[in-house]
Amino acid sequence: MDKKLMKSTSARVLLTADRTLMSNYRNDEFLGFGTTAPPNVVPEWFFQLLFFPPIKRINGIPAEAPYGLRKIEAQLLNEGFEVLIVDPDHLGEYLDEADALGIHVMDPFGLGPASSTFSRILKTGEPYVAKYFRLLLEKPELVEAKKRGLKIVVGGPGAWQLRLRPKFVDDHKINCVIDGEAEKVVGKIFRTAIEGGELPRFYEVSAKESPSLDEIPEIRNPSINGLIEIGRGCCRGCQFCSVTSRPLRWYAYEKIEKELKVNVGAGIKYAVIHAEDVLLYGSKTVMPDREKVRKLHELCKDYVESLSWSHTSMAAVAAAPELVKEVAELIINDKQEWWGTEIGIETGSVELVRKVMPAKVRPFKPEQWLEVVKTAAGIMMDNNLVPACTLITGLPQETETDVIKTIELMDDLKDFKSLIVPLFFVPLGKMKDKDWFTMEQVNNLQMELLIRCLRHDIYWAKVIMKSYFKEEWYSRILSVLYWLFVKIIERKAKRIYDVPIQLKNREVEAEK
Ligand code: SF4
């Protein structure tokens, strides 16, 4: 951690995030999925211990912080602000000197696809992500600071949700919500906040205000789990996604190396490389650039012992089997048996692919989608790449036939070592004016799909868990605890849906 930062005891701008975001998820970014669950049969303290234990702190300053917050910290430091990232449970120790507080949000009301689906399926209430965001704003020390004039600015990937709850924004006296890539606007907003000027209630960052590569600062202090960005934007244009509206930019190796050095300098021995499609690093097309991807991984491996990806695509994996093999040879070693990523499958229906995500298949054609998914699954299995995949149901264009096709695909993927997470459609991107899909609208076919995903995940979660914490002294204890958690979910699902989760897949009624 930056020594100057450690010595600071006050700053005019504080930055923080709620408890669910200020965690390293036991050194595994993908366990962060657990924060999207609603409070359930597992006691809260125990759930937090399993999925989002607090990050290590020194005098209330977190040793690692969410990457997005680190970017804002770097931008404000570059502009000459006195700024500190503070753990949410230690805000009271720093608020007296502060004029403004920036809060980073990912899914502040649990409206993101994962949390809204999770809470509807489990039929319980407010997801942890939402509960802890609300609790942060309700902290007595924060309420007191607001009374004396502290300004609150909220931003991050989940900022869009606050537009849907203007009353919450008013009730909690949030002064400004920034929606979009904030580097070029955050300085003027915090300056206005400190000087007591008029702040816009909502500030939507336009495409013109998106920072160029040179305008994106490098992080100054360590990010959670060594996450580093390698690029922004996506060229695939899926209609249900908001990333598409941003220009595609790939970081130069030098920029990536600077951030690796920051994390490694703080003792972090692993990295999550983040982009919407890591395999397309440096490419101007939908074909992976072998040399660039290889060099990227060699660079990272010069610094860290283990590596994983945030996202890639089925199409890129299927288009570059040799490259995946080369990357696996660089990543897999005695210390790391497999690596993870997130991938969108979304549907097993070619018709639906044509309607909402034709470019997700490129360089292949929409009619090749099922082959692309199955080929990519085989390549990943062969190379120890274990993904968390998403499916979307409830898209306005989805027909019963589309759902049947997706169920059939689930059958084809039953031997695919992966988690496959069903998500309900959430109106975002080009579809932001469409209606939300709710649990009440779930028909029998969609229920069958949810159950098949649950069966798949319970089976593979048990397998994956065996290798999860191998290196840690507490691995056996944690394995037992996670196993218990999976058992509880299994029982709960059986009780709610009256289905034998562990039995062989049933035939779909509608297919007969
Ligand atoms: S491929 Fe992923 S990031 Fe890109 S537009 Fe589609 S859903 Fe969004």
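Order of listing sets the numbers, starting from 1, for every ligand and every atom in it.
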For this session: Please list all pairs passing the salt bridge (charged side-chain N to carboxylate O under 4.0 Å, His left out) test where one or both residues lie in residues 362-381, with sequence neighbours left out.
Result: R354-E367, K374-D412

For this session: Look at the N, O or S atoms of C241, main chain and side chain alike, and state whether any lies under 2.8 Å from atom 8 (Fe) of ligand 1.
Result: yes

Exercise. In ligand 1, which numbered atoms sit nearer than 4.0 Å to a non-hydrogen atom of K360?
Worked result: 1 (S), 2 (Fe), 6 (Fe), 7 (S)

Exercise. Between the side chains of R236 and S313, is a donor N or O closer than 3.5 angstrom to an acceptor N or O?
Worked result: yes

Problem set entry | Residues K355 and E351 bridged, charged N to O under 4.0 Å | no

For this session: Would you check if atom 4 (Fe) of ligand 1 lies under 2.8 Å from any N, O or S atom of C234?
Result: yes

Exercise. Please, which pairs that meet side chain to side chain donor-acceptor pair (under 3.5 Å) have at least one residue in residues 341-350, sequence neighbours excluded?
Worked result: E346-K360, E346-T390, T347-T406, S349-D402

Problem set entry | Heavy atom of G237, distance to ligand 1 below 4.0 Å | yes

For this session: Examine R19 relative to F52 and say whether NZ or CZ is less than 6.0 Å from the centre of the six-membered ring and inside a 45° cone about the ring axis.
Result: no

Problem set entry | Those atoms of ligand 1 less than 4.0 Å from some heavy atom in R236 | 1 (S)

